[in-house]
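Here the structure is laid out as structure tokens; the discussion comes afterwards.
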Amino acid sequence: QVQLAESGGGLVQAGGSLRLSCAASGRTFSSYVMGWFRQAPGKEREFVAAISQSGGSTWYADSVKARFTISRDNAKNTVYLQIYSLKPEDTAVYYCAASRVVGGIPTSKGGYAYWGQGTQVTVSS
């Protein structure tokens with residue numbers, strides 16, 4: 001089992017940047033695919049980005065591909081989401097999640113077994 005804790009959210013003006021972090025407990029962090037999802041008020045939780053166990057493969061939702069970068073540091077048990085050129089529509093609670101899937105990168109919520117509590121990102125126009 002792995003426990004996840006996000007940080008780095010906040011209130012940012014449109015056009016600004018943020019780096020979200022997700023710290024994981026346990027000694028098996030490098031065995032998990034890690035993903036980021038977000039949920040805006042009144043909307044479903046949606047996939048944002050994911051990264052393979054080694055960090056060699058990444059996957060992004062089309063809506064964020066040009067502005068978001070996911071990375072991980074297995075020595076620090078941490079996954080990051082760098083967000084550039086923030087837009088008001090990026091306002092949401094951002095969640096990190098861990099998947100036990102091997103040989104692929106899931107992009108649906110059901111592919112992830114463990115979730116953090118989320119961190120709020122608010123973008124003002």
Side-chain angles (χ1 to χ4, degrees):
Q1 190 169 355
V2 61
Q3 293 183 321
L4 305 172
E6 303 93 337
S7 61
L11 174 62
V12 185
Q13 286 191 329
S17 300
L18 273 179
R19 188 175 81 157
L20 307 182
S21 299
C22 173
S25 65
R27 295 176 290 178
T28 59
F29 175 73
S30 61
S31 68
Y32 292 95
V33 169
M34 297 300 297
W36 284 95
F37 288 73
R38 67 184 179 184
Q39 188 166 16
K43 295 189 176 182
E44 293 290 318
R45 192 172 299 188
E46 64 174 357
F47 171 79
V48 172
I51 188 166
S52 63
Q53 290 88 339
S54 68
S57 296
T58 57
W59 197 258
Y60 297 92
D62 288 342
S63 59
V64 306
K65 192 173 294 185
R67 299 184 296 116
F68 288 29
T69 301
I70 188 171
S71 61
R72 67 190 296 163
D73 185 337
N74 286 342
K76 296 182 178 179
N77 281 13
T78 303
V79 61
Y80 305 97
L81 185 69
Q82 178 72 52
I83 311 174
Y84 302 97
S85 301
L86 278 155
K87 304 176 181 180
E89 50 264 42
D90 294 321
T91 294
V93 177
Y94 284 72
Y95 298 89
C96 72
S99 171
R100 294 174 292 190
V101 167
V102 176
I105 298 182
T107 59
S108 64
K109 293 180 294 185
Y112 292 81
Y114 305 104
W115 294 83
Q117 292 300 307
T119 185
Q120 176 71 47
V121 172
T122 302
V123 184
S124 62
S125 58

Checklist entry - salt bridge (charged side-chain N to carboxylate O under 4.0 Å, His left out) with R67: which residues, sequence neighbours excluded? => result D90
Item to check | Sequence-distant partners of S31, side-chain contact (heavy atoms from CB on, under 4.5 Å), two or more places apart | outcome: T28
Next on the checklist: Would you say F37 ends up clustered with V123 if hydrophobic residues are merged whenever their side chains have heavy atoms under 4.5 Å apart, either directly or through other cluster members?
Outcome noted: no
Item to check | Partners passing side-chain hydrogen bond (donor to acceptor under 3.5 Å, both in side chains) against Y94 (at least two apart in sequence or in another chain) | outcome: R38
Checklist entry - When hydrophobic residues are tied together by side-chain contacts of less than 4.5 Å, even through go-betweens, does L20 share a cluster with V2? => result yes
Next on the checklist: Enumerate the disulfide (SG to SG under 2.5 Å) contacts for residues 55-86, please, sequence neighbours excluded, ordered by first and then second residue.
Outcome noted: none
Next on the checklist: For residues V79 and Y32: do they belong to one hydrophobic cluster (side chain heavy atoms under 4.5 Å, members Ile, Leu, Val, Met, Phe, Trp, Tyr)?
Outcome noted: yes
Checklist entry - Are Y80 and W36 connected in the hydrophobic side-chain network, where two residues link if heavy atoms are under 4.5 Å apart? => result no
Checklist entry - Which value, rounded to the nearest 0.5 Å, describes the distance between L86 atom CG and L18 atom CG? => result 5.5 Å
Checklist entry - Would V64 and F47 show up in the same hydrophobic cluster when neighbours are defined by side-chain heavy atoms closer than 4.5 Å? => result no
Item to check | Test side-chain hydrogen bond (donor to acceptor under 3.5 Å, both in side chains) applied to Q82 - qualifying residues, sequence neighbours left out | outcome: none
Can you give me every donor-acceptor pair (side chain of residues 3-16, partner residue at least two apart or in another chain, under 3.5 Å) with its distance?
residue, atom, partner, partner atom, Å
E6, OE1, Q117, N, 3.0
E6, OE1, G118, N, 2.8
E6, OE2, C96, N, 2.9
E6, OE2, G118, N, 3.2

Item to check | side-chain hydrogen bond (donor to acceptor under 3.5 Å, both in side chains) against T122, all qualifying residues, sequence neighbours excluded | outcome: Q120
Checklist entry - For the residue pair A24 and F29, what are the closest heavy atoms and their distance? => result CB-CD1, 3.4 Å
May I have the list of side-chain donor-acceptor pairs in residues 100-116 shorter than 3.5 Å, sequence neighbours left out?
residue, atom, partner, partner atom, Å
Y112, OH, P106, O, 2.7
W115, NE1, Y112, O, 3.4

Checklist entry - Apart from Y84 itself, which Ile, Leu, Val, Met, Phe, Trp or Tyr residues share its cluster (side-chain heavy atoms under 4.5 Å, direct or through members)? => result none
Checklist outcome for this item: Contacts satisfying side chain to side chain donor-acceptor pair (under 3.5 Å) that involve residues 68-79 (not counting sequence neighbours) are R72-N74
Checklist entry - What pairs of residues pass the salt bridge (Lys or Arg N to Asp or Glu O under 4.0 Å) test when at least one of them lies in residues 10-19, not counting sequence neighbours? => result none
Checklist entry - Looking at Y95, W59, Y60, F68, which one forms a side chain to side chain contact (heavy atoms under 4.5 Å, CB included) with V48? => result F68
Next on the checklist: The criterion is salt bridge (charged side-chain N to carboxylate O under 4.0 Å, His left out); which residues satisfy it with K65, sequence neighbours excluded?
Outcome noted: D62
